Amino acid sequence: MNEHPELLRRTAELAIEFLDSLPDRQVAGQQDVHELRRELVRTLTEEGEDGQVVVEDLARIGGEAAVAMAGPRYFGFVIGGSLPSALAADWLTSTWDQNAGLYVAGPAASVVEEAVGSWLIDLFGLPPTASYGLVTGCQMAHFTCLAAARQAVLERAEWDVTGRGLFGAPEIEVIVGDEAHSTVLTALQYLGLGRDRVRIVEADDQGRLSAAALADALKAVPRDAPLIVCLQAGNVNTGSFDPIRESIGLVRDRPGAWVHVDGAFGLWAAVSPALAHLVDGIGLADSWATDAHKWLNVPYDSGLAFVADPSAHAAAMAPPHAAYLEYGPEQERDEVSWVPEFSRRARGFPIYAALRTLGRSGVRRLVERCCAIARRMAERLEGNPGVKILNEVVLNQVLVRFTPPEGGDADAFTREIIRRVQEDGTIWLSGTTWHGMAAMRISVSNWSTTEADADVAVDAILRCLSSR
Ligand SMILES: *Cc1c(COP(=O)(O)O)cnc(C)c1O
């Protein structure tokens, strides 16, 4: 215990040094796996080592190898960094080491979740009575929401899936868009709903599900079949949105059908009046999955599941009462009832800190700034010969394709430019294949990315384009 203050102060110093290095360091970090293994995978000592030595070692090795995704020049995947207040609250979360399963095991953790849940329901414009669960990420949010969906659609068919499982249950029809994120399929896989038996509805050139094709798919589903339809708010490549109001309208023709929305980052469009048209009608769905660790910029692991029908949600998630559990009186929130975990981290604290520091307008500005920067990058890139923007930049995602000046294979050339940019290290981003074409993906999701960073990024891309 005596070494606590010194070790923790030193660790804070090391953490601050790392954060200070972010704006200038090479984004990709040290990547040599053999070197990392040699340094990290040692023989475990019999006696144990000094904590200070271990932490210094980790800070050096781990810090050097760390990808600077918390920094302003990381444009890969859809990532987001950590707001300082959220990071600080995350430190406290580990320090307090609460078990956010039961109210009695961490009362503040439980009540902070109530604050976070109600604030976000309000910010997103979801039904005020919706229930919520704080999970590790959007994939587990899908799992949670789709478990509630499975519960509700089978309950309507007088089948108790919680007690009896799926053996002998009526078949559930599942419809997803052709551009659904893989994690939706993974959640279906975990839930025994099968990822290969879904009905797939075609999407357009921007990745938006076609409402006409959805109407056709619905016609093929027997009228009284239990039915789950998965929509998407924010395509991981283009940032595009399914036609949400129209699609939900079509599904509502089927009594008892459930609509789930993947809004991993796109749900955040709801906080901005300028972007809210993209999620028009979103509150009419039955469940919503999103992330706080992406666009809200809190540390990993932080996903959010919202369900319009709290009883379906709790029926799907709450454990059978174990005798030793001390359940609080009705008015206290026991988190185990809403998530697939039992003991877990009190991940509400960083979200709480982020939302309180940003305030309503701060959240709005964070989202709008990222979108404005994405548009700026697309506009600056587009003016150059051999550069084509493949998507309508409606949110924070940009897809870029490059054609070689002397003609030839644009796919190979685009991949080569991505490789050069990654190697250059000024920024980091990755590639994708969009409708059969190789493309560079730019995602602007970090609170600390400025217009100047965006200009540096575009310069780096153009430099790599003209280098031989
Ligand atoms: C990132 C993402 C997911 C998965 O979220 P995790 O937090 O990584 O589990 C799901 N859907 C979309 C659209 C995403 O962008």
Side-chain angles (χ1 to χ4, degrees), residues 100 103 108-135 138 141-142 144-149 151-152 155 229 231 233-234 241 244-245 247-249 251-252 255-273 275-292 295-296 298 302-318 328-339 347-349 351-356 358-364 367:
Y103 175 82
S110 163
V111 174
V112 148
E113 282 198 8
E114 294 176 0
V116 163
S118 64
W119 289 343
L120 288 173
I121 283 170
D122 182 40
L123 279 169
F124 294 144
L126 306 183
T129 51
S131 50
Y132 46 88
L134 277 60
V135 290
C138 197
H142 291 323
T144 304
C145 292
L146 292 171
Q151 168 73 30
E155 194 174 304
V229 178
L231 301 178
F241 291 71
I244 290 175
R245 183 179 291 278
S247 305
I248 296 178
V251 179
R252 284 293 170 249
W258 185 287
V259 179
H260 171 66
V261 180
D262 177 357
F265 59 100
L267 190 55
W268 295 85
V271 307
S272 155
L275 299 167
H277 65 278
L278 295 168
V279 290
D280 177 45
I282 197 106
L284 302 170
D286 297 289
S287 59
W288 305 263
T290 190
D291 271 322
W295 224 344
L296 186 60
V298 309
S302 200
L304 296 145
F306 298 92
V307 180
D309 174 1
S311 64
H313 186 178
M317 284 297 133
E330 290 268 278
Q331 72 272 22
E332 291 161 3
R333 175 183 170 87
D334 286 321
E335 298 95 317
V336 289
S337 300
W338 309 104
V339 293
R347 56 177 70 93
F349 291 119
I351 305 179
Y352 180 83
L355 289 173
R356 262 190 69 181
L358 290 170
R360 303 178 73 91
S361 70
V363 180
R364 191 173 67 231
V367 168

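In this text the structure is predicted, and so the values were computed from the model without any measurement.
Counting heavy atoms from C-beta on, the side chains of Asp262 and His142 come closer than 4.5 Å. Looking at heavy atoms from C-beta onward, Arg347 lies out of side-chain contact with Val298 at the 4.5 angstrom threshold. Looking at Ile351 and Val112, their side chains never come closer than 4.5 Å, going by heavy atoms from C-beta outward. The shortest side-chain heavy-atom distance between Leu355 and Leu123 falls under the 4.5 Å cut-off.
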Item to complete: Run the numbers on Trp268 and Val363 for side chain to side chain contact (heavy atoms under 4.5 Å, CB included), then give the verdict.
Response: CA-CA 9 Å; Trp268 295 85; Val363 180; 4.0 Å; yes

Worksheet item: Run the side chain to side chain contact (heavy atoms under 4.5 Å, CB included) check on Val271 and Phe124 step by step: do they pass?
Response: CA-CA 6 Å; Val271 307; Phe124 294 144; 4.2 Å; yes

Worksheet item: Step by step, would you call Val307 with Asp286 a side chain to side chain contact (heavy atoms under 4.5 Å, CB included)?
Response: CA-CA 6 Å; Val307 180; Asp286 297 289; over 6 Å; no

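Note that CG of Leu126 and CG of Leu284 are 10.5 Å apart. Values are rounded to the nearest 0.5 Å. Here the NE2-CG distance, from His260 to Leu146, works out to 4.5 Å after rounding to the nearest 0.5 Å. Note that CG of Leu296 is 6.5 Å distant from CG of Leu358, once rounded to the nearest 0.5 Å. Here the CD-CD distance, from Glu332 to Glu114, works out to 9.0 Å after rounding to the nearest 0.5 Å.
Contact detail for Ala115 and Tyr352: the closest heavy-atom pair is CB-CE1, 3.9 Å. Scanning both residues, Ser337 and Met317, for their nearest heavy atoms gives O-CB, 3.3 Å. Pairing each heavy atom of Ile282 with each of Ala233, the nearest pair is CD1-CB, 4.3 Å. Nearest approach of Ala305 to Cys145, heavy atoms of both residues: CB-SG, 3.8 Å. What you find for Val259 and Leu231 is that their closest heavy atoms are CG1-CD1, 3.7 Å. Of all the heavy atoms in Ser110 and Tyr103, the pair that sits closest is OG-CD1, 3.5 Å.
Distance alone, capped at 3.5 Å, places no donor-acceptor pair between the Trp288 side chain and the Leu304 backbone. In this structure, Arg364 contributes its side chain and Gly359 its backbone to no donor-acceptor pair below 3.5 Å.
A donor-acceptor contact closer than 3.5 angstrom is absent between the side chains of Trp338 and Ser131.
Counting heavy atoms of neighbouring residues, nucleotides and ligands inside a 6.0 Å radius, atom CZ of Arg252 exceeds 12 of them.
Taking the six-membered ring where tryptophan is involved, the planes of Tyr132 and Phe306 are tilted, since the angle between them lies from 30° to 60°.
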